[in-house]
Undergrad: 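Just dropping this structure here.
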Amino acid sequence: MRHLLHTAELSREEAITLLDIAEDMADTQQREVKKLPTLRGKTVVNLFFEDSTRTRISFEAAAKRLSADVINFSAKGSSVSKGESLKDTAQTLQAIGADGVVIRHWASGAPARLATSGWIDAGVMNAGDGTHEHPTQALLDAFTMRRRLHGAGARGKGLDGVTVTIVGDILHSRVARSNLWLLNTLGAAVTFVAPKTLLPYGAEKWPVALETSLDRALAAKPDVVMMLRIQGERMHDAFFPSVREYSRQWGLDDSRFAKLKDSALVMHPGPMNRGLEISSAPADSAKSTVLEQVANGVSVRMAALYMLLAGKEA
Ligand code: CP
């Protein structure tokens, strides 16, 4: 694997191999000494043009646990604020000797531009670009589902026949898009639920069922309910009448939560707007995988960095 930019580019075999390597990485994280020598001598740059908590710290933890040297770059406080371009920033990283660049950018397509421009030789990992994709989030979500649903026998398996309902601000969600392609590759059936205004134009051509009523979608008793954050920072229009109305119609509140089947999983990529798209009862319940998703993110990102940077000899 040269770069990781979109989940659609992963074959089923590649996706399952990555999830299996993540299982191996997770095993190593149970040891007293968590560090592996795998990427000793390699330099990973975390290049963040947008805010992040989970993705940034878990990529840093993943690279450090593989013994890579890590350079953290945040656009805030850098020469980007003086007008430096992505190209000049990238070539500065090249001069420093980056082997891998993990990039989060507000512009959809920025990681692909970096990977294909010839500005740098490094492997590029998309850590979320605009409203486009967030591949490692989808991989850690799939890893979390596979572990919870298949337990110890998860290795080698996909998510065949698993029903996943993804609810909320689909329009602005790179998590929804990355999950859609990966979950389809792994054999799951995906439904998007949102007010019509938050369903992307053209979504009817995607391999997904579309629904505007959360109550109707939940009546089908899905295996997984993934709630998405309302992305106020990307909304420059009124997409629903009021926060209260959104929460009443599309929020996973206590009463909807009580009707989920016993084995259902409640997922959220974080950060959560408690009281808006999800109430505290489901968020903090035994059905919730929110913190497992964060923990699994380290193992999955270790696997992705390994596949990108370790080379054939590994
Ligand atoms: N899930 C996710 O991408 O969270 P952060 O924005 O905190 O990285």
Side-chain angles (χ1 to χ4, degrees), residues 4-7 18-19 22 44-65 70-77 100-111 124-145 147-148 164 166-183 192 224-235 252 265-274 276-278 282-284 288-305:
L4 179 55
L5 303 172
H6 324 281
T7 52
L18 198 150
L19 298 182
V44 174
V45 177
N46 289 324
L47 187 57
F48 277 67
F49 290 83
E50 258 192 354
D51 294 342
S52 168
T53 298
R54 281 147 284 270
T55 310
R56 192 175 53 79
I57 61 175
S58 71
F59 263 118
E60 183 175 352
K64 284 182 173 167
R65 288 184 193 171
V70 181
I71 298 171
N72 289 315
F73 171 101
S74 163
K76 275 183 202 151
V101 175
V102 175
I103 176 172
R104 169 168 288 192
H105 204 285
W106 44 265
S108 299
V124 176
M125 186 90 70
N126 180 0
D129 60 330
T131 59
H132 177 227
E133 283 235 20
H134 192 352
T136 56
Q137 178 69 45
L139 284 159
L140 75 88
D141 290 340
F143 180 85
T144 304
M145 289 179 214
R147 272 203 147 182
R148 276 273 191 132
V164 182
I166 303 181
V167 187
D169 186 358
I170 310 282
L171 181 66
H172 301 106
S173 179
R174 51 199 180 205
V175 174
R177 285 167 182 75
S178 281
N179 262 293
L180 167 64
W181 303 117
L182 181 65
L183 289 171
F192 282 168
V224 179
V225 180
M226 185 185 294
M227 304 307 295
L228 297 175
R229 182 173 71 87
I230 288 291
Q231 300 193 32
E233 75 279 16
R234 296 191 210 276
M235 289 186 181
L252 185 61
L265 305 183
V266 173
M267 305 185 76
H268 194 302
M272 291 184 278
N273 292 310
R274 285 178 188 254
L276 176 52
E277 69 261 1
I278 190 165
D284 300 330
S288 168
T289 63
V290 172
L291 293 177
E292 267 166 68
Q293 287 167 262
V294 176
N296 291 339
V298 177
S299 308
V300 165
R301 287 171 177 131
M302 285 172 79
L305 287 169

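Counting starts at 1 for both ligands and their atoms, in listed order. Treat the numbers as computed from the prediction; the structure is a model and nothing was measured.
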Undergrad: Counting each atom of ligand 1 from 1 as listed, which ones have a heavy atom of Gly270 under 4.0 Å away?
TA: 1 (N), 2 (C), 4 (O)
Undergrad: Considering only heavy atoms, which of Arg104, Arg54, Glu50 lies nearest to atom 6 (O) of ligand 1?
TA: Arg104
Undergrad: Would you mind reporting whether Val164 and Asn179 have side-chain heavy atoms less than 4.5 Å apart?
TA: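 In short, these two side chains do not touch, never coming nearer than 4.5 Å.
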Undergrad: Below 4.0 angstrom from a heavy atom of Gln137, which ligand 1 atoms are there? Numbered from 1 as shown, please.
TA: 1 (N), 2 (C)
Undergrad: Only one of Thr55, Asp51, Asn46 clears side-chain hydrogen bond (donor to acceptor under 3.5 Å, both in side chains) with Arg104; which?
TA: Thr55
Undergrad: Provide the number and element of each atom of ligand 1 under 4.0 Å from a heavy atom of Thr53.
TA: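 The list of qualifying atoms is 5 (P), 7 (O), 8 (O).
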Undergrad: So do Arg301 and Leu140 actually touch side chain to side chain, heavy atoms under 4.5 Å?
TA: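 SC-SC contact between Leu140 and Arg301 confirmed.
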Undergrad: Nearest protein heavy-atom contact for atom 2 (C) of ligand 1: which residue, which atom, what distance?
TA: Thr55 OG1, 3.5 Å
Undergrad: With side-chain contact (heavy atoms from CB on, under 4.5 Å) as the criterion, how do His268 and Val266 come out once you've worked through the C-alpha distance, each side chain's angles and the decisive distance to 0.1 Å?
TA: CA-CA 7 Å; His268 194 302; Val266 173; over 6 Å; no
Undergrad: Are Glu292 and Arg147 close enough for a salt bridge, meaning some N to O gap below 4.0 Å?
TA: no
Undergrad: May I ask whether Gln293 has any heavy atom positioned less than 4.0 angstrom from an atom of ligand 1?
TA: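 Contact absent.
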Undergrad: Within ligand 1, which atoms have a heavy atom of Pro269 less than 4.0 Å away?
TA: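 Taking each heavy atom of Pro269 in turn, ligand 1 has 1 (N) under 4.0 Å.
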Undergrad: Taking the basic N atoms (NZ, or NE/NH1/NH2) and the acidic carboxylate oxygens, is any pair closer than 4.0 Å for Arg177 and Asp129?
TA: no
